[in-house]
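Structure, as structure tokens:
No experiment lies behind these values; they were computed from the predicted model shown.
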Amino acid sequence: LLKTKLGELQEELAKIPESKKAQYLKALKSCPDQCDEKFMLKHLRCEVFNVEPAAKRVIAYWEKRVEIFGDEKAFLTMTLSGALKGDERSLEIGFLRPTFQKDDAGRAILYVEPSRLPMDKNYDRHSMVRAFWYYNHAALEDEEVQKKGVVIVAYPKEAQKSQFDRKMTKMNMGSIRGCLPMRVAAIHICHPPWFFEIIFAIAKIFLGERLRKRVKVHTGSEEGVIDTLEKKFGIDRVKLPSQMGGGNDLDHMDWLEKRRSSGL
């Protein structure tokens, strides 16, 4: 089945006019190892082996990657010493972080903490989005995650209104929608601040209809929210970050250093 679908995907890609797949063709020449069967499988799994949308996603992926990384970095390996070299500060901010845990369905749990963003927005947005890409690629190293996807747990309780970055949100959502081979099963927003309704009215425009339907907002006591995530959504307390009352102490810098030492 895999070989058959990979062959059908190649046929579908061949149908697309060269003028509409310039960056993909450039990637084939510049970094063929990053367009191999493993890469194609990620896109097929994301689209549940429907070859037409998978082909469109492959093309969109390379178009967006060049847009975010630039010609000089887009075709380098997606590693800390490759395409992410020079983005150390954005990576260390850790606006999005892996939790190294999965929910009961086997989906990776990614953690978003907006309060880690500098209030003065003194950062390079493209660099921050490159970090966003890196974290998503790290999650996709797990074949089970490719198949089952991720859930995003956001904890904006301590965030200030000045930390909401509309442009960066648009860039991140533009990467998820139809580009990165990532299946987002749910976005859990826990303990939203007073200005959330204003911000979400803007943010949901960038999410698209499919993702908007997967947003779950959780309010109330810390214990009540954790109880809901556990009993209704299969996310155990021990897997949730300690920042929001869970039992998972994230050591983001240690994780980055280990990946750097491993050439990842």
Side-chain angles (χ1 to χ4, degrees), residues 93-119 128 131-132 135-136 138-140 142 144-145 148-166 168-177 180 182-252 255:
I93 286 173
F95 163 70
L96 171 70
R97 284 177 282 169
T99 64
F100 321 109
Q101 301 290 338
K102 295 176 182 176
D103 68 5
D104 288 351
R107 297 172 293 217
I109 303 168
L110 301 181
Y111 178 59
V112 173
E113 192 174 1
S115 61
R116 292 177 69 95
L117 290 170
M119 289 190 190
M128 292 292 290
F132 179 83
Y135 296 131
N136 279 279
L140 287 167
D142 186 331
E144 185 180 28
V145 174
K148 297 183 177 180
V150 303
V151 293
I152 297 172
V153 175
Y155 182 65
K157 184 178 182 179
E158 306 300 329
Q160 302 299 310
K161 191 176 180 182
S162 62
Q163 289 173 301
F164 175 70
D165 190 328
R166 183 178 63 85
M168 191 172 75
T169 300
K170 182 179 181 180
M171 291 166 74
N172 285 335
M173 292 304 102
S175 294
I176 289 178
R177 292 175 60 192
L180 286 167
M182 178 72 77
R183 299 173 66 184
V184 179
I187 301 174
H188 297 283
I189 301 174
C190 305
H191 305 289
W194 64 269
F195 55 85
F196 172 74
E197 288 188 10
I198 302 170
I199 299 302
F200 188 61
I202 300 169
K204 68 181 181 181
I205 298 170
F206 310 136
L207 289 172
E209 184 179 359
R210 186 164 64 174
L211 277 179
R212 277 201 299 272
K213 292 178 179 178
R214 297 177 184 179
V215 174
K216 313 294 181 184
V217 180
H218 307 284
T219 59
S221 68
E222 182 179 280
E223 193 64 29
V225 168
I226 290 175
D227 191 56
T228 298
L229 291 174
E230 277 193 308
K231 294 180 179 178
K232 191 173 180 180
F233 298 101
I235 305 175
D236 295 339
R237 174 193 296 269
V238 294
K239 298 178 179 180
L240 291 167
S242 57
Q243 288 87 339
M244 57 182 296
N248 187 1
D249 292 320
L250 302 180
D251 192 335
H252 182 62
W255 177 75

Would you tabulate the side-chain donor-acceptor contacts of residues 189-199 under 3.5 Å, counting partners in other chains and residues two or more places apart, or write 'none'?
from: H191; atom 1: ND1; to: G220; atom 2: O; distance (Å): 3.4

With a cut-off of 3.5 Å and sequence neighbours excluded, list every side-chain donor-acceptor pair involving residues 103-112.
from: D103; atom 1: OD1; to: A105; atom 2: N; distance (Å): 2.9
from: D103; atom 1: OD1; to: G106; atom 2: N; distance (Å): 3.1
from: D103; atom 1: OD1; to: R107; atom 2: N; distance (Å): 2.9
from: D103; atom 1: OD2; to: R107; atom 2: NE; distance (Å): 2.9
from: D103; atom 1: OD2; to: R107; atom 2: NH2; distance (Å): 3.1

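The two residues P114 and A159 have their closest heavy-atom pair at CB-CB, 3.9 Å.
Judged by distance alone, with hydrogens and angles left aside, the side-chain atoms of N248 form a donor-acceptor pair with the main-chain N or O of T99 at under 3.5 Å.
Atoms CD and NZ, on E209 and K213 in that order, are 4.0 Å from each other to the nearest 0.5 Å. Atom CE of M128 sits about 9.5 Å away from atom CG of L96, to the nearest 0.5 Å. If you take CE on M168 and CE on M173, they are separated by 9.5 Å, rounding to the nearest 0.5 Å. Q163 CD to E158 CD: the interatomic distance, rounded to the nearest 0.5 Å, is 10.0 Å.
With sequence neighbours excluded, the residues that form a salt bridge (charged side-chain N to carboxylate O under 4.0 Å, His left out) with K231 are D227. Not counting sequence neighbours, the partners of D142 by the side chain to side chain contact (heavy atoms under 4.5 Å, CB included) test are K102, E144, V145. Not counting sequence neighbours, the partners of K216 by the side chain to side chain contact (heavy atoms under 4.5 Å, CB included) test are H188, H218, F233. Scanning for side chain to side chain contact (heavy atoms under 4.5 Å, CB included) contacts around R214 gives R210, with sequence neighbours left out. With sequence neighbours left out, the salt bridge (charged side-chain N to carboxylate O under 4.0 Å, His left out) criterion links D165 to R125. Legend: residues meeting salt bridge (charged side-chain N to carboxylate O under 4.0 Å, His left out) with E113, ordered by chain and number and at least two apart, are R97. For R183, there are no salt bridge (charged side-chain N to carboxylate O under 4.0 Å, His left out) partners two or more places apart in sequence or in a different chain. Partners of D249 by side chain to side chain contact (heavy atoms under 4.5 Å, CB included), not counting sequence neighbours, listed by chain and number: S242. Judged as a side chain to side chain donor-acceptor pair (under 3.5 Å), and not counting sequence neighbours, K232 has no contacts.
Screening residues 233-247 for salt bridge (Lys or Arg N to Asp or Glu O under 4.0 Å), with sequence neighbours left out, gives E223-R237.
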Would you check, one step at a time, whether the test side-chain contact (heavy atoms from CB on, under 4.5 Å) holds for I176 with M182?
CA-CA 7 Å; I176 289 178; M182 178 72 77; 5.7 Å; no

Pair V225, K157 - check side-chain contact (heavy atoms from CB on, under 4.5 Å), show working.
CA-CA 12 Å; V225 168; K157 184 178 182 179; over 6 Å; no

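Using a 4.5 Å heavy-atom cutoff, the side chains of W255 and P98 are in contact. Residues V150 and N136 are not in side-chain contact: their nearest non-hydrogen atoms beyond the backbone lie 4.5 Å or more apart. At a threshold of 4.5 Å between non-hydrogen side-chain atoms, the residues F200 and L207 count as touching. Side-chain contact between V153 and Q101: absent, with no pair of heavy atoms (C-beta onward) separated by less than 4.5 Å. Taking the side chain as every heavy atom from C-beta outward, S162 and M119 approach each other to under 4.5 Å.
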